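First comes the structure, then the notes that go with it.
Just so it is clear, the structure is predicted and the values come from calculations on it, not from any experiment. Protein chains get the first letters and strands the later ones, always in sequence-line order, with residue 1 at the start of each.
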Amino acid sequence: MMFARTEKFQPDEKKILREFRTRFLLLKTFFALFFAAVAVRLLNIQVLEAPKYQALARKQYEQRFILPATRGNVYDRNGNVLISNTIFVSFAADPKFVKGHAGEIATRFAQVFGKPRSQYLEKLTAENKRFAWLERRVKPETAKLIRQDKLEGVVVINEPKRIYHYDDLAGPLFGFTDIDNKGISGLELELDEEVRGTNGSIVMQRDGLGRSRPSADYPRVEPVNGRDVTLTLDLTYQAILEEELKRGIKANGADGGLAVMMNPATGEILAVSIFPSLNPNDAYRHNPGEVRNRLVTDLFEPGSVFKIVTAAAAYEYRLTSPETRYNAEGGTWKINLGGKTFRLIKDTHEHDIITFQEAVEVSSNIVMAKVVKSIGPERFYRQARDFGFGIPTGVELPGELRGRLKKPNEWSGTTLQTMSYGYEVAVTPLQIVQAYAAVANKGILMKPYIVSQIRSSDGTVTSEQRPQKIRSVISEETCALLSHAFEGTVERGTAKDVRLQNVRIAGKTGTSRKYVDGKYSTKSYTASFVGYFPVEDPQIVCLVMMDNPRNRGYYGGSTSGPVFRAVAERILNTSSRFSRPTIAQTGKLEEQPEEISVPDVRTLRRNLAKKILETRGLKSQFFGKGDVVVRQSPEPGRKIEQGEIVTLALKNDFTPAAGSSTVIPDVRGMSVRRAMNQLMLDDFDVRVEGSGVVVQQSPAPGQRVKAGATVVLECSPKTVNSASLY
Amino acid sequence: MTDIQRNHIDLPLLTAVLILMVLSLGVVYSASATWAYEKFGDSDRMLNSHALKILIGIAALFMGMMVKYTAYKKLTKFSLIAAILILAVTLVLGGEVKGATRWLRVGGFGFQPSEFAKFALLFHLCALIAAKGDLIKDFKRGFVPMMIWICSVSLLVMLQPNLSSGAMIILLSCVMLFVSRARILHLLGTLLTVLPLAGLFLMSAPYRVERIRSFITGSSGGNYNYQLWQGIIGFGNGGILGVGPGESKQRDFFLPESYGDFVFSIIGEEYGLLGTAFFLALFLLIMLRGFKIAKYARDDFSRLLAIAITSTITMYALVNAGVTLGILPTTGLPMPFVSYGGSSLVFSSFAVGVLLNISAYTDLHPRAPRMRETVIGPETDEIAVRKVY
């Protein structure tokens, strides 16, 4: 019947039916294909590509904010804070969510920070970015201006920043961190894993309008602050060493210098000074690559200081004695190398027949070259190796080199002779100190170290380093002979400038050439002196090297030697820990020069402090109640006239009993460093915001709080107060 | 044809539609709660409105089911003229929503006349074709008169401007003409004349150009592409199992109008592939039942009507899914029975009611013991035709 009612088209039922069925089938097919297309697309998006879209979705509705961990503090061996942190405020924004009011935000930031508005606008409108720093490490008072506006979409992040309490003191040793507070050089790099801590995070769930709330799916992860590190460094020694080295470099017109001080009995590094120095507080001025701990990264051809190996081996194998006589050939010795080739060895001082002891004292290359023949390559090589040359010391400093000590099979015909007085070998300064320390330590080689203890932020000790004996290098008899020779060097030989009246010093001079790119520099000389004292019970071994000294020649004895002497003198005068027994033993304290350096009597009992000051010809005045000295003025090391008064602050106990209450001192107007040191000495925890001078403190001064309470210091950069000028 | 006994309606079809309606309550609630709270301070506001529309829709469905389909035969011309008038009035008086006058408010209710006009046109086309029979193959007497109706309705809708609904009206009309054996030549010829005009029309509005451009290039930028992109992220975020009921993140203002044309994405996000597949399966079921009803329909009018209604529902569902999935350019077409929005829901429900009514006059579900052998025999042509369809 269908469609068959016209005259024009004759009804042909079968044809009509077929045509309708075909068309209907085509329609069904179309829909079937459509369904299939949708299904395939769904499979594709929801199964195959689901992870991609899930990540995209998460990126949209979740934002993770890092809660930065605070890096651990670094202390010296006496608990003085060397490195800690201050908190700065940083501002960031999510460009995606500030679209509407990017202009408003940019205007406000431009007003507050005085930078072009376009700069902020550019960051705020960055395409496809979800995070942009607007300002970092803003001073708290400036930050307040932005904070009070409560600009929507602007994220406020408290960022800790490293603060180095003594600026360039041991700067190259400490290294510094980058803007993200990650250690990138020096100890900061080496200890990064320990002091870095683990950043916490908070996940915010946000909606399409940019509003966020803490996500219920992810708990807030609190940051775990980094571990605190106690170094073997002694702040006082460090200060002395740096000061004296600096003075020595200036006096000699040298390019730079390096000095290191170690406790020979333990291998603890007490002080490291490297010049030119750097101030990690201004680290942005420095390229991390140019900051090297030259102590372990620079190689030298050691010169005469290497004669320790020759002399040690000669004594150890009983091939010579201090009285054995040698012909020093009048200062010039020609060695026939077979055929017509000769090798010329020269001494700086001309001698004919001298004893071995004298040969060491005057640093005769010729005698060493003669003696070394009887030692032979194998024994000589082993001796050098045993002293630690050619082997990295393993100290906790980045980039340590092993040096270059050729094996006997690599030697040429004259290598043995050349090496006997310190050429054809490359060593690091620390290796030299390590070797001399072994002589000072009855022949036992100690591993040098600088990190003594690491504690987690809750105070538990996570690792502790104890002195580590590497090997016995030489016998005690050999040590005695060597010490005798080195003491003679100071008394009569090349290091006469080092001699001090009250203390026996042993040491050796040397003129080294820098080893750069596999070659010895011909232009650059390094004058060095390495020694230890007191000889009868060595407490300190110290190496001083100076690059290209010009004013007084390049001999170690006359350039680096005086630096060593000055350091030794000041240490003997100041260090309570070290000098007390020595002073008691020598008993020669009456013969002090008029200028006296103030000894460190902090932490000592009242009577003992008084006694020590009295023996130096100083008067003491006490204030405060108690039995223990907590502060002193003038500071230790300061030179004052005989008979002057040293003021000492007393306290009942150095560490106040828990629960006792203390009055908070007024530290306003002090520099951050001074304020922190004072408060920490009083056993307060200190949190610093900003840097410069303390402008606010909380709790307020004079308030009584429990011992160990946290004091918050608000600081701002130093400004000259015009009123104070008139 | 004598008076035919009324049999049972097609229950699977009714069930599928009712399931869609009930599920839409949950989906629309989840997709709209944050928006409703943001706009009206009441997260239930849109759910309540949607529930009311579903009730009206169910009422419309039962109305369509009750009235015998033959009643429309005489009514189609009148209602189509009425629809055209209403469209014209809307153009002049209609309320503007997002730059288009698509709404007409009658009493307290606003409705989209285009939805009414769409069904009025399709119903009238069915009546015309059934009456004219093979005349459809005649250009002047069959094809052109029908094209005039089609063009006037679709043009008025497009002028609102509502390009996508107009295009759907043309598409569905052409589907009907195609199934009714109109000459392919006529259809193609019309297409070739209409296409350049459509192109010009398309270019006349920058937002359309932008939609097409972003669809073709797949580039980012542009709000329409943003919505599409968020929709796709929603599907992907759901994965196979979905993030769970009420857990959609995209509806938190990432996906604009998540409760409307892009509600399918929220289904995909909350219920995963399982959810989208289930909804697709329901529409597939509706299509299969609808075409089965067409096959068993007793006369040309009801057969064509069944095809028209089924095609409309299926086409809207597929185009909506295709748009949200990015395989078609972004258009504002709802997913029948699921998307938030009254007019589409009410008229689609009514149309399904009519389809169910048609099903009751087939032998799909006979009231009495099946008498198929006696009723459908090889004796007459009439029966033979019906059997084949």
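- Side-chain contact check for B/Phe291 versus A/Leu27: some heavy-atom pair is nearer than 4.5 Å.
- In this structure, A/Phe34 and B/Val319 have side chains that are in contact, with non-hydrogen atoms separated by less than 4.5 Å.
- A/Gln119 CD: more than 12 foreign heavy atoms inside a 6.0 Å radius.
- Within a 6.0 Å radius of NZ in A/Lys15, no more than 12 heavy atoms belonging to other residues, nucleotides or ligands are found.
- Nearest heavy atoms, B/Ile327 versus A/Arg41: CG2-CD, 3.6 Å.
- Rounded to the nearest 0.5 Å, atoms CZ (A/Arg21) and NZ (B/Lys295) are 9.0 Å apart.
- Both the backbone and the side chain of A/Glu19 come within less than 4.5 Å of a heavy atom of chain B.
- The two residues A/Ala57 and B/Gln250 have their closest heavy-atom pair at CB-OE1, 4.4 Å.
- For B/Tyr37, the OH atom sits in a loose shell: 12 or fewer heavy atoms of surrounding residues, nucleotides or ligands are nearer than 6.0 Å.
- Separating the CZ atom in A/Phe31 from the CG atom in B/Leu318 is a distance of 6.5 Å, to the nearest 0.5 Å.
- Annotation for B/Gly239 and A/Ala50: closest pair CA-CB, 4.0 Å, computed over non-hydrogen atoms.
- The shortest distance between side-chain heavy atoms of A/Tyr61 and B/Ile233 does not fall below 4.5 Å.
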For this session: Take A/Phe35 and B/Phe283 through the test ring-ring contact (aromatic ring centres under 6.0 Å, His included) and record every step on the way to the result.
Result: CA-CA 9 Å; A/Phe35 268 109; B/Phe283 281 110; 8.0 Å; no
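- In this structure, B/Trp229 and A/Tyr53 have side chains that are in contact, with non-hydrogen atoms separated by less than 4.5 Å.
- Sparse packing is recorded around CG of B/Leu185, with 12 or fewer heavy atoms of other residues, nucleotides or ligands lying under 6.0 Å away.
- Contact between B/Phe178 and A/Arg23 at its shortest, heavy atoms only, is O-NH1, 2.7 Å.
- Residues B/Gly322 and A/Val38 approach most closely at N-CG2, 4.3 Å, considering heavy atoms.
- Taking B/Val243, B/Ile184, B/Leu288 one by one and counting their heavy-atom pairs under 4.5 Å with chain A, the maximum is reached by B/Ile184.
- Heavy atoms from other residues, nucleotides or ligands lying under 6.0 Å from CD of A/Glu193 number 12 at most.
- Counting heavy atoms from C-beta outward, A/Phe20 and B/Arg303 have side chains that approach closer than 4.5 Å.
- The backbone N or O of B/Asn237 lies less than 3.5 Å from no partner atom in the side chain of A/Arg58, so there is not a single donor-acceptor pair.
- Between the side chain of A/Gln46 and the backbone N or O of B/Gly268, at least one donor-acceptor pair lies under 3.5 Å.
- Residue B/Phe301: no heavy atom, backbone or side chain, is found under 4.5 Å from chain A.
- B/Ser311 touches chain A through backbone and side chain together, each having a heavy atom under 4.5 Å away.
- No other option in B/Leu255, B/Ile240, B/Thr34 has as many heavy-atom pairs under 4.5 Å with chain A as B/Ile240.
- Under the 4.5 Å side-chain criterion, counting only non-hydrogen atoms from C-beta, A/Leu42 is in contact with B/Phe264.
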